[in-house]
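Below: the structure, in structure tokens.
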Amino acid sequence: MQQEACRKDVERAFGVLQSRFAIVAGPARFWQKDVLHDIMITCIILHNMIIEDERDLNAPIEVAREVPPIEVETVMNDNHRFQQFLARYRQIKDKAAHFELRDALIDHLWERHSNENH
């Protein structure tokens, strides 16, 4: 009976972590055991920090500080940067370049692994 209660507590805690952190809900079989351990510990710590932070959400603010005004430099003609962005985007989405890089990687790996066997 006590084992069942403990199992339910663990399942409930794991469900909370899964709902908050997508990395916990994802497939775990691709991670090494030590990496999974670090991920789970990190998620538990972050969860506890979030709960602690939300606990005092309605508490009155006791210390108020003056914040200096933020100076932002505005650019009147940003067309050049936007054109650079579009050029990079087109370069990333270029199918011919994708296939060329893929084929080069396949050739490299094929050559590397075939030389290891000889």
Side-chain angles (χ1 to χ4, degrees):
M1 193 71 166
Q2 186 177 359
Q3 183 180 4
E4 184 179 342
C6 291
R7 182 183 57 83
K8 286 183 179 181
D9 289 343
V10 169
E11 286 178 356
R12 191 177 308 116
F14 195 69
V16 168
L17 291 176
Q18 281 182 320
S19 68
R20 188 177 294 265
F21 302 105
I23 194 166
V24 177
R29 63 181 159 266
F30 299 114
W31 299 95
Q32 294 177 354
K33 190 175 180 180
D34 58 333
V35 174
L36 277 173
H37 176 267
D38 292 344
I39 290 171
M40 291 304 297
I41 294 297
T42 302
C43 289
I44 291 167
I45 291 170
L46 287 171
H47 172 75
N48 290 341
M49 289 172 67
I50 291 168
I51 295 300
E52 184 69 28
D53 185 54
E54 289 175 349
R55 181 176 298 153
D56 296 330
L57 193 60
N58 296 325
I61 298 174
E62 297 174 6
V63 179
R65 294 183 283 190
E66 286 293 322
V67 179
I70 299 172
E71 296 180 21
V72 177
E73 181 182 335
T74 57
V75 179
M76 295 301 180
N77 185 3
D78 207 17
N79 189 35
H80 178 68
R81 287 181 53 196
F82 182 68
Q83 293 303 323
Q84 286 179 327
F85 166 78
L86 287 177
R88 283 193 308 268
Y89 180 80
R90 285 188 205 105
Q91 188 178 17
I92 290 170
K93 293 293 187 178
D94 184 14
K95 285 189 184 284
H98 166 76
F99 291 125
E100 184 179 330
L101 288 170
R102 183 198 63 187
D103 294 342
L105 178 61
I106 290 170
D107 291 342
H108 169 74
L109 291 173
W110 184 260
E111 183 177 318
R112 180 177 174 192
H113 290 289
S114 66
N115 287 340
E116 287 178 358
N117 294 334
H118 294 300

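The structure displayed is predicted, hence computed values, not measured ones.
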*asked:* Counting C-beta onward and ignoring hydrogens, is there a side-chain heavy-atom pair between Q84 and Y89 closer than 4.5 Å?
replied: no

*Take F14 and M40 through the test side chain to side chain contact (heavy atoms under 4.5 Å, CB included) and record every step on the way to the result.*
CA-CA 10 Å; F14 195 69; M40 291 304 297; 3.7 Å; yes

*Got a sec: does the NE2 of H98 have more than 12 other heavy atoms crowding it under 6.0 Å?*
yes

Between side-chain atoms of residues 15-26 and protein atoms elsewhere (two or more places apart, or another chain), which donor-acceptor pairs fall under 3.5 Å?
| unit_1 | atom_1 | unit_2 | atom_2 | d |
| --- | --- | --- | --- | --- |
| S19 | OG | G15 | O | 3.4 |
| S19 | OG | V16 | O | 2.8 |
| R20 | NE | H47 | ND1 | 3.3 |

_Gap separating the CD1 atom of I51 from the CG atom of L46, nearest 0.5 angstrom_ = 11.5 Å

*Would you call K8 and E4 a side-chain contact if the rule is heavy atoms closer than 4.5 Å?*
yes

*Answer yes if I41 and M49 sit in the same cluster of Ile, Leu, Val, Met, Phe, Trp and Tyr residues linked by side chain heavy atoms under 4.5 Å apart, and no otherwise.*
yes

*Might you confirm whether atom CD of E111 has over 12 heavy atoms from other residues, nucleotides or ligands at distances under 6.0 Å?*
no

*When rounded to the nearest 0.5 angstrom, what distance separates CD1 in I50 from SG in C43?*
9.5 Å

_Between CG on residue L86 and CZ on residue R88, distance to nearest 0.5 Å_ = 9.5 Å

*Looking at CD of Q32 and NE2 of H37, how far apart are the two atoms once the value is rounded to the nearest 0.5 Å?*
14.5 Å

_So, taking the atom named CG in D94 and the one named CZ in F99, what distance separates them when rounded to the nearest 0.5 Å?_
10.0 Å

*For the residue pair D9 and R12, establish whether any side-chain heavy-atom pair is separated by less than 4.5 Å.*
yes

